Structures are given as structure tokens and as C-alpha cells.
Amino acid sequence: MRYWLMKSEPSDYSIDDLARDKTAPWYGVRNYQARNFMRDDMRVGDRAFFYHSSCDEPGIVGIVEVAAPAHPDVTQFDRKSKYYDSASARDNPRWVNVDVRFMAKTRLVTLDELRRHKALAKMRVLQRGNRLSITPVEPAEWKHIMGMIQD
DNA sequence: GCCAACGTTGGC
DNA sequence: GCCAACGTTGGC
């Protein structure tokens, strides 16, 4: 089983939205690296931190699990969606998404707090200039953060 | 709102 | 295939 970190803007979709919906398609990813993680590397049962970005207090707010493997992102074909992609063909979809299932809310572990931990210095999401909305989390990093959450 | 960082696009 | 211009992300 692998571990991940998945960013969402809470004004678009927050951990409370997922707590209400229980499962949700992780649609709207329009970056090839992030798409490839979903398509090639994510498996049902993988765990991920749910991270709030572009907000007052960016950080980890919950834990989710991958509930369905990558399948075509329906929003790419929806002309009314902000994620519509006119260059994507129905018989050869460019964008896919996994589904995620709510597991738990956590206390807010802020970006600032994550940065203060030496054990997390190499975490992908903390690297300078990182903009990927989905990043791998090493098992040791996952364990460390789980420990922080329980404190 | 600013801007650093980085991905994508398109002319050549 | 290079690379300048442009668009987006996301912290601050």
C-alpha cells in the first residue's frame, strides 16, 4: 500500500464536504504528473492525507482512502465545466481520476508545522516550488505525521 | 493582490 | 528540439 497527499481548495471541496459525501471522484486534475500518479500508481486501499490549499490555514485536515481506480474524468467532456477540455476525445480520454473515501478528520496540521519537522524535510509537498496537487508520501513520513496528529 | 516557480504552448 | 511567452498554482 502506498501513501499520498492530495490537495483541494476548501472553497471548492473541503474535508467537511467529503465527510458528508463519504466518497467522491477526484476530478479536475489537469496536470500530467498528477494524472499519472492516479493512473499508474494509485491502488484501491492506498491512504492519503487530505490537504487544504489556497486558504487561510493551509495544511493537512483529514485522511482518505482510494476507493476506486482511475477512470475517465467526466468533467473533461462537460462544456459547462471549468474543467472542460475540448482537445480530449471520448474514445481517447486525456484525463482520469480515482475516487476517494472519507476516513477521518484530523486536527489541522499546518504547512508551517510540517516545515518545522526535520523528519519531513524531504517530503515532496514541502519542496521549493512544488505545485503538484497529488504527491507521494513516504511510509516513514506518513508514520511521523500520524504521530503528530495523535499528540 | 503579489509574485516565484514551473508547466504548457507554439513559432521558428 | 529550442525557448520565449503565457498561464496556473499556491503561499504569503
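Heavy-atom basis, side chains included; hydrogens, waters and symmetry copies ignored. Convention: sequence-line order gives letters A, B, ...; per-chain numbering from 1. Since the model is a prediction, treat every value here as computed from it, not as a measurement.
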(request) Would you please test A:R94 and A:D85 for salt bridge (Lys or Arg N to Asp or Glu O under 4.0 Å) and show each step? (result) CA-CA 9 Å; A:R94 177 179 291 183; A:D85 182 354; 3.3 Å; yes
Spacing between [X] atom [atom1] and [N] atom [atom2], to the nearest angstrom:
X      : N      : atom1 : atom2 : result
A:L126 : C:dG10 : CG    : P     : 13 Å
A:D56  : B:dG1  : CG    : C1'   : 14 Å
A:N130 : C:dG11 : CG    : P     : 9 Å
A:D112 : C:dG10 : CG    : P     : 18 Å

(request) Answer yes if the side chains of A:D73 and A:T75 hold a donor-acceptor pair under 3.5 Å, and no otherwise. (result) yes
(request) Look at the side chain of A:E9 and the backbone N and O of A:S14, then say whether any donor-acceptor pair between them is shorter than 3.5 Å. (result) no
Please tabulate the protein-to-nucleotide N/O contacts below 3.5 Å involving nucleotides 5-9 of chain C, giving atom names and distances.
unit_1, atom_1, unit_2, atom_2, d
C:dG7, N2, A:R131, NH1, 3.4
C:dT8, O2, A:R131, NH1, 2.5
C:dT9, O3', A:R131, O, 3.3

(request) Mark yes when over 12 heavy atoms from residues, nucleotides or ligands other than A:E57 sit less than 6.0 Å from its CD; otherwise mark no. (result) no
(message) Between A:R115 and A:D112, does any NZ, NE, NH1 or NH2 come within less than 4.0 Å of an OD or OE carboxylate oxygen?
(response) no
(message) Please tell me whether A:F50 and A:W4 form a close aromatic pair, meaning their ring centres lie under 6.0 Å apart.
(response) no
